[in-house]
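A short worksheet on the structure shown next.
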Number of protein chains: 2
Amino acid sequence: MVCPFVGRAWTVLQEKNIPYQYIEVNPYHKPDSLLKLNPRGLVPTLQYDNKPLYESTVICEFLEEAYPDHGPKLLSEDPYERARTRIWTDYCTSRIIPAFHRFLQFQPMSDTEGLEEVRQEFLGHLKEFTKEMDSEGPYFSGKDIGLIDLVVAPWAIRLWVFDHYKNGLNIPEGGEDSAVWSRFNKRLKAIEERPSVRETTSEKEKYLSIYQKYADDKAQSELAKATRKGRGVP
Amino acid sequence: MVCPFVGRAWTVLQEKNIPYQYIEVNPYHKPDSLLKLNPRGLVPTLQYDNKPLYESTVICEFLEEAYPDHGPKLLSEDPYERARTRIWTDYCTSRIIPAFHRFLQFQPMSDTEGLEEVRQEFLGHLKEFTKEMDSEGPYFSGKDIGLIDLVVAPWAIRLWVFDHYKNGLNIPEGGEDSAVWSRFNKRLKAIEERPSVRETTSEKEKYLSIYQKYADDKAQSELAKATRKGRGVP
């Protein structure tokens with residue numbers, strides 16, 4: 001089962017056709033080989049030229065810079081557009097993912113008002129993000145996929161968890177924001193069908209027992225614990 | 001009085017000798033001209049070619065990329081070194097600054113054990129960061145200043161607040177980590193004496209009434225409120 005933060009780096013490796021060796025680890029029993037590279041033991045950790053790199057968005061940007069001649073260009077050459085995608089990549093990590101987890105881990109399910117509040121908070125962040133997208137799409141910056149799409153993809157393809165565990169994501173149909181939400185849906189479909197994303201995603205059944213723990217707010221990952229404390233992505 | 005996040009972008013503008021117009025705003029009464037550029041109203045906000053940019057570290061990297069022929073090169077050409085400085089820049093924002101504020105805003109002062117705990121947490125982060133520095137220094141990557149030094153500088157030059165309000169920062173003298181701390185002190189001195197830093201810093205007296213509010217945990221900035229909730233940099 002692939003951790004979504006690993007998924008970010010993995011799709012970039014696939015997208016750019018960079019040769020790599022994938023080593024799976026048990027996050028609750030971290031092997032010494034990982035801890036030697038990254039004392040905090042977080043994944044993804046990349047070994048490059050015998051040197052370690054970590055932090056998923058840093059790894060993604062590194063792969064783009066270290067392999068400029070591989071595969072599609074995933075970051076614009078224009079400094080302003082580069083900066084804009086960095087702002088919204090950061091928005092994904094600092095706003096969307098924490099709201100995703102506050103919604104997913106929300107308890108108790110009998111508190112329908114509280115559930116609606118975390119749902120609306122999450123939808124609000126998705127809407128703000130989507131408004132910044134190219135109006136035609138399907139990707140964030142237009143017809144070509146970019147780093148920012150791959151950085152968001154692992155959570156985009158997990159949106160089914162809200163239908164499965166939390167009475168629905170309930171994206172509005174029609175209404176004043178219908179143009180934004182149809183842009184959102186178009187992009188989601190493009191991401192789900194992207195080969196690099198499909199190749200790095202397990203079948204839904206493999207995720208069920210893991211996400212059940214999140215949905216019951218009993219997961220013990222660093223992110224689950226940070227969410228319980230009201231903190232952001234660790 | 002300069003907000004430390006603004007200080008980051010301002011020192012980069014000075015360092016690279018980029019022409020700019022500096023507009024001060026009252027963060028508690030945000031002018032429309034700011035809100036039009038950045039609906040969240042956070043500073044720094046940069047207007048470039050009639051387009052807005054925000055998030056201090058994004059602005060710093062943007063200035064480096066948009067003005068490659070200005071002043072010193074603040075980011076290595078080597079992808080690995082670039083990635084490494086991004087990891088530790090993020091460490092500053094996600095670890096050092098929140099710990100700085102947990103220490104500064106700690107209450108009550110009669111709880112000496114609790115105060116020692118937040119002090120040690122902060123010193124621990126400074127130590128971990130300093131270990132990653134070039135062993136000779138004085139700057140993070142060696143004899144030349146880089147973006148990462150300027151991104152950390154605004155907090156480095158505010159370390160006096162702990163001596164003033166919180167019974168001392170108490171950097172260990174001698175002991176097993178003495179090499180790390182002497183590297184730390186050497187770098188701190190180099191940053192404090194850097195013209196771009198001196199030119200963008202007000203006199204200490206101007207900060208006293210503001211930091212008194214932080215030290216009493218009564219400040220109402222977004223960062224002060226986030227710290228009270230146990231959250232990170234907003």
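The basis for the numbers below is simple: all heavy atoms, side chains too, and nothing from hydrogens, waters or symmetry mates.
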Exercise. Is there a donor-acceptor contact under 3.5 Å from the side chain of B:Tyr80 to the main chain of A:Lys51?
Worked result: no

Exercise. Which pair of heavy atoms, one from A:Pro79 and one from B:Glu65, lies closest together, and at what distance?
Worked result: CG-O, 3.8 Å

Problem set entry | Within 6.0 angstrom of B:Lys213 NZ, more than 12 heavy atoms from elsewhere | no

Exercise. Above 12 or not: heavy atoms from other molecules or residues under 6.0 Å from CG of B:Asp49?
Worked result: yes

Exercise. Non-hydrogen atoms of chain B under 4.5 Å away: do they reach the side chain of A:Asp90, the backbone, both or neither?
Worked result: side chain

Exercise. Is the count of non-hydrogen atoms from other residues, nucleotides or ligands lying under 6.0 Å from A:Gln220 atom CD greater than 12?
Worked result: yes

Exercise. Which region of A:Pro39, side chain (C-beta onward) or backbone (N, CA, C, O), has a non-hydrogen atom less than 4.5 Å from a non-hydrogen atom of chain B, or is it both or neither?
Worked result: neither

Exercise. Short question: side chain of B:Arg231, backbone of A:Gly232 - any donor-acceptor pair under 3.5 Å?
Worked result: no

Problem set entry | Shortest non-hydrogen contact between B:Val58 and A:Ala83, atoms and distance | CG1-O, 3.4 Å

Exercise. Is the shortest distance from a Lys or Arg side-chain nitrogen in B:Glu55 or A:Arg86 to a carboxylate oxygen in the other one below 4.0 Å?
Worked result: no

For this session: Report, as yes or no, whether the 6.0 Å neighbourhood of atom CG on A:Asp32 holds more than 12 heavy atoms from other residues, nucleotides or ligands.
Result: no

Exercise. For the side chain of A:Arg82 and the backbone of B:Phe62, is there at least one donor-acceptor N/O pair under 3.5 Å apart?
Worked result: no

Exercise. Is the number of heavy atoms from other residues, nucleotides or ligands under 6.0 Å of B:Lys229 NZ greater than 12?
Worked result: no

Exercise. Does CD belonging to A:Glu117 count more than 12 external heavy atoms closer than 6.0 Å?
Worked result: no

